[in-house]
Amino acid sequence: MTIRTRFAPSPTGYMHIGNLRTALYEYLIAKSEPDGKFLLRIEDTDQKRYVEGATEIIYSTLKRVGMNWDEGPDIGGNYGPYVQSERKPLYAEYAHKLVELGGAHYCFCAKQEADEEKDEEQNMKFEDPCKRLSLDEAKKRVAAGEPYVIRQTINKKGKSKYHDEVYGDIEIDYDELDEGVLLKSDGFPTYNFANVVDDHLMAITHVVRGNEYISSTPKYNLIYEAFGWTPPHYVHVPPVMKDAQHKLSKRNGDASFQDLVAKGYLPEAIINYIALLGWNPGTEEEIFSLEELKQKFSIERLNRSPAIFDIVKLTWMNGQYIRKLDAESFFACAEPYIRQVVSRNDVNIKMLAHVLQPRIETFGDIPTQIDFIEQIGEYSNDLYINKKMKTDVAVSRQSLEYALNRLETIAAWDNETLFAELKALAEEKGLKNGQIMYPVRIALSGKETTPGGATELAVILGKNETLSRLKAALQKLA
RNA sequence: GGUCCCAUCGUCUAAAGGUUAGGACACCACCCUUUCACGGUGGUAAUAUGGGUUCGAAUCCCGUUGGGAUCACCA
């Protein structure tokens with residue numbers, strides 16, 4: 001039997017990290033097998049929560065990280081349609097059938113408010129009076145046009161039992177299960193029902209979802225049982241947390257996939273990082289491409305405890321990915337960020353990108369690192385005093401003069417030449433390298449720390465700008 | 001509250017009865033070095049707790065504590 005998994009988000013907004021990780025695991029489980037199929041199904045049965053454009057975000061996110069689906073709303077497949085609102089008649093049909101099979105009943109009760117108030121003290125279970133109605137009588141009322149819902153009927157006693165691929169054997173008393181609504185009065189199914197019907201009809205073999213469904217899974221099994229269907233393998237996964245107490249959630253303003261991308265994180269790094277939040281390969285490697293994850297992933301190595309999302313480690317990992325980029329790719333990614341603060345075109349931005357690559361962990365780090373390029377800011381002459389470099393104001397003034405004279409004579413404006421020349425200059429004058437390099441770097445940047453050294457900055461700024469900044473510095477020191 | 005689930009460095013995790021409890025991030029130190037980074041080397045740091053079982057427990061069992069989930073015409 002070939003594996004078929006599904007990612008079934010509801011289009012309620014942005015793609016958050018926990019969701020994306022679930023999709024990843026679903027994708028990897030399917031793709032760990034050559035013929036495995038990963039499908040996309042949109043669960044839009046709650047019209048109140050529908051958000052315009054949310055589906056597009058789902059598509060673009062999945063595409064961006066390379067998790068291509070084999071069947072889905074946009075590309076079709078043999079088990080469509082893949083949008084639940086388009087399957088509406090199907091659910092009603094199956095719901096009525098389930099009533100006939102004794103797995104559900106018509107219910108005419110007024111909507112139960114989601115208030116906390118009810119039965120808090122007595123903790124009594126809701127006992128549906130409509131359950132006692134005879135089927136004939138109920139059908140008459142339905143035929144008469146009375147509003148109704150179809151509610152699950154649970155008469156079993158004792159303990160329900162099922163196996164979860166991650167949590168092992170789960171036992172829950174049937175008395176704990178409540179008879180939830182399966183088909184709403186608007187004719188739409190609830191998740192509890194649509195989910196079962198669709199997973200069966202779409203021949204899903206592995207259901208992967210958050211562990212908050214662990215305790216309601218027996219209810220779904222009852223439905224499978226009533227229809228005579230075989231339940232899928234269950235893979236419940238622990239949540240991704242913001243801290244020890246709270247799940248990561250868009251509501252709290254926690255970073256979504258697109259937020260991270262906007263901040264300059266690479267999709268590959270995000271995927272790599274979240275794969276490791278609840279799973280490990282059993283080796284000490286931790287940098288994996290999606291392709292490698294497909295090879296190494298196994299359900300057995302999934303964790304049972306929640307994992308806290310650590311942006312610091314993701315940031316480190318993103319730095320690893322940035323460093324591995326070839327020069328052209330890095331430049332393509334970095335350029336927009338460089339252009340946020342550098343508009344002049346006499347700046348060698350290729351060289352700028354070159355010095356930036358080992359120095360940033362996210363592309364968002366770029367603007368603050370290069371704020372002196374466009375225009376040098378105000379700075380104090382105290383910057384020229386550096387004990388380790390053995391420079392002070394007097395030494396610096398002298399060195400800058402030497403450097404200016406030497407640089408004016410140089411035509412080949414590349415780092416190797418410039419570095420060799422200034423190094424030779426230091427030797428000639430009986431100075432340490434740093435006594436030349438340090439003041440030059442300060443004169444060019446006005447900053448204590450810069451991406452790149454003196455000669456690299458000179459290359460980035462170009463000969464004209466370099467000479468003019470040196471002259472300005474000399475004047476400032478006079 | 002009932003029920004279910006979870007518990008190893010601050011964080012992500014390894015160790016499926018016998019390890020000096022390993023790795024990674026972060027942090028600290030040193031090395032490299034035209035500053036800062038990158039890179040390299042080393043260091044600090046954990047089995048929540050009490051009982052069992054066993055020659056031997058992070059690992060198995062029970063209790064405690066702590067945390068989470070769930071009890072909607074949301075998914």
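Convention: sequence-line order gives letters A, B, ...; per-chain numbering from 1. Computation of the quantities below employed the complete heavy-atom set of this structure, encompassing side-chain atoms and omitting hydrogens, waters and symmetry-equivalent molecules. This is a predicted model, so every value here is computed, not measured.
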Gap in Å between the two C1' atoms, one belonging to B/rU11 and one to B/rU19, rounded: 24 Å

Round to a whole Å and report the spacing from CE of A/Met317 to P of B/rG23. 17 Å

Test for a donor-acceptor pair under 3.5 Å between the base of B/rC73 and the side chain of A/Thr190, counting only N and O atoms. no

What integer distance in Å separates A/Lys390:NZ from B/rU35:P? 14 Å

Between B/rG18 and B/rG2 - P atom distance, rounded Å: 38 Å

Would you mind reading off the distance between A/Ile214 atom CD1 and B/rC71 atom C1', rounded to a whole angstrom? 15 Å

No-H, no-angle donor-acceptor pair, A/Arg441 side chain to B/rU34 base, under 3.5 Å: no

Please tabulate, one pair per line, each protein N/O and nucleotide N/O from nucleotides 10-14 of chain B that are separated by under 3.5 Å, including the distance.
from   : atom 1 : to       : atom 2 : distance (Å)
B/rC12 : OP1    : A/Ile308 : N      : 3.0
B/rC12 : O2'    : A/Leu276 : O      : 3.0
B/rU13 : OP1    : A/Gly278 : N      : 2.8
B/rU13 : O3'    : A/Asn280 : ND2    : 3.0
B/rA14 : OP1    : A/Asn280 : ND2    : 2.5
B/rA14 : O3'    : A/Arg301 : NH2    : 3.3

Identify whether the glycosidic angle of B/rC38 places it syn (within 90° of 0) or anti. syn

Closest nucleotide of RNA chain B for A/Glu284 versus for A/Asn415: which of these residues is on the 5' side? A/Glu284

What integer number of Å spans the P atoms of B/rG68 and B/rA75? 25 Å

Just to verify, what does A/Glu456 make a side-chain contact (heavy atoms from CB on, under 4.5 Å) with, not counting sequence neighbours? A/Met351, A/Val355, A/Asn415

Listed pairs, N/O of protein and of nucleotides 60-66 of chain B, under 3.5 Å:
none

Could one point to a donor on the side chain of A/Thr455 or the base of B/rU34 with an acceptor on the other under 3.5 Å away? yes

Distance, rounded to the nearest Å, where A/Phe188 contributes CZ and B/rA72 contributes C1': 18 Å

Should A/Leu404 and A/Leu467 count as side-chain neighbours, where that means a heavy-atom distance under 4.5 Å? yes

For a side-chain hydrogen bond (donor to acceptor under 3.5 Å, both in side chains) with A/Glu179, tell me which candidate from A/His105, A/Arg151, A/Gln152, A/Lys131 qualifies. A/Lys131

Return the nucleotide paired to B/rG18: Watson-Crick means purine N1 to pyrimidine N3 with N6-O4 or O6-N4, wobble means G-U with N1-O2 and O6-N3, both under 3.5 Å. B/rC55

Whole-Å distance separating the CG atom of A/Leu177 from the P atom of B/rA72: 12 Å

Taking only residues at least two apart or on different chains, which pairs with a member in residues 5-20 of chain A satisfy salt bridge (charged side-chain N to carboxylate O under 4.0 Å, His left out)? A/Arg6-A/Asp199

Give the residues of residues 416-430 of chain A touching RNA chain B, defined as any heavy atom closer than 4.0 Å, sorted by residue number. A/Phe419

Pick base, sugar-phosphate or nothing for A/Ala244, based on heavy-atom distances below 4.0 Å to the nucleic acid. sugar-phosphate

Whichever of A/Glu212 and A/Lys388 has the more 5' nearest nucleotide on RNA chain B, that residue is A/Lys388

Sequence neighbours left out, what passes side-chain contact (heavy atoms from CB on, under 4.5 Å) with A/Arg469? Give chain and number order. A/Arg344, A/Phe372, A/Ile376, A/Leu444, A/Leu461, A/Glu465

Taking OP1 and OP2 of B/rA72, is either one under 4.0 Å from a side-chain nitrogen or oxygen of A/Lys184? no

Nucleotide by nucleotide, 5' to 3', does protein get under 4.0 Å of the base (B), only the sugar-phosphate (S), or neither (-) in nucleotides 38-47 of chain B, counting heavy atoms? SS--------

Identify the nucleotide, in any strand shown, that forms a Watson-Crick or G-U wobble pair with B/rU8, with both distances under 3.5 Å; if there is none, say none. none

Atom CD of A/Glu285 and atom C1' of B/rC25 are separated, to the nearest Å, by 17 Å

Distance-only side-chain donor-acceptor flag, A/Ser85 / A/Asp44, under 3.5 Å: yes

Name the pairing partner of B/rA46, where a pair is Watson-Crick or G-U wobble with both distances under 3.5 Å, or state none. none

Partners passing side-chain contact (heavy atoms from CB on, under 4.5 Å) against A/Lys242 (at least two apart in sequence or in another chain): A/His246, A/Leu248, A/Asn252, A/Asp254

Distance, C1' atom - from B/rC61 to B/rU54, rounded to whole angstrom: 12 Å

Given atom CG of A/Asp164 and atom P of B/rA69, what is their separation to the nearest angstrom? 18 Å

With sequence neighbours excluded, give me every salt bridge (charged side-chain N to carboxylate O under 4.0 Å, His left out) pair touching residues 209-223 of chain A. A/Asp178-A/Lys219, A/Glu212-A/Lys247

Just by distance, no angles: are the side chains of A/Tyr234 and A/Asn221 close enough, under 3.5 Å, to form a donor-acceptor pair? yes

Looking for any heavy atom pair under 4.0 Å, which part of the strands does A/Gln369 touch: base, sugar-phosphate only, or nothing? nothing

For the residue pair A/Tyr224 and A/His200, does the interplanar ring angle fall in the parallel (under 30°), tilted (30 to 60°) or perpendicular (over 60°) class? perpendicular

Where the side chain of A/Ile170 is defined as all heavy atoms beyond and including C-beta, which of B/rC73, B/rC5, B/rC36 is the nearest nucleotide? B/rC5

Using whole Å, report how far CG of A/Asp175 lies from P of B/rG2. 16 Å

Output the single nucleotide from B/rU3, B/rU35, B/rA69 whose closest atom is nearest the side chain of A/Glu176. B/rU3

Would you tell me whether A/Tyr191 and A/Tyr220 have side-chain atoms, one donor and one acceptor, within less than 3.5 Å of each other? no

Under 3.5 Å, which donor-acceptor pairs do the side chains of residues 8-23 of chain A form with other protein atoms, sequence neighbours left out?
from    : atom 1 : to       : atom 2 : distance (Å)
A/Arg21 : NH1    : A/Leu277 : O      : 2.5
A/Arg21 : NH2    : A/Pro238 : O      : 2.3
A/Thr22 : OG1    : A/Gly18  : O      : 3.0

Does the structure place the NZ or CZ of A/Arg141 under 6.0 Å from the centre of the six-membered ring of A/Tyr106, at an angle of no more than 45° from the ring's axis? no

Report the residues that fulfil side-chain contact (heavy atoms from CB on, under 4.5 Å) with A/Pro147, sequence neighbours left out, ordered by chain and then residue number. none

Donor-acceptor pair (no angle test) under 3.5 Å: A/Tyr213 side chain, B/rA69 base: no

Under 6.0 Å from the six-membered ring centre of A/Phe331 and within 45° of its axis: does the NZ or CZ of A/Lys350 meet both? yes

Pairs touching residues 423-445 of chain A that satisfy salt bridge (charged side-chain N to carboxylate O under 4.0 Å, His left out), sequence neighbours left out: A/Arg406-A/Glu428

Considering every strand and a 4.0 Å limit on heavy-atom distances, what is the contact class for A/Thr45: base, sugar-phosphate, or nothing? sugar-phosphate

Of the listed nucleotides (B/rC25, B/rC4, B/rU35), which one gets closest to any side-chain atom of A/Val312? B/rC25

Start with the C-alpha distance between A/Tyr438 and A/Asn386, add both sets of side-chain angles, then the distance that settles side chain to side chain donor-acceptor pair (under 3.5 Å), and finish with yes or no. CA-CA 8 Å; A/Tyr438 188 81; A/Asn386 185 302; 3.2 Å; yes

Testing B/rG67, B/rU70, B/rU35 for proximity to the side chain of A/Thr450, the answer is B/rU35

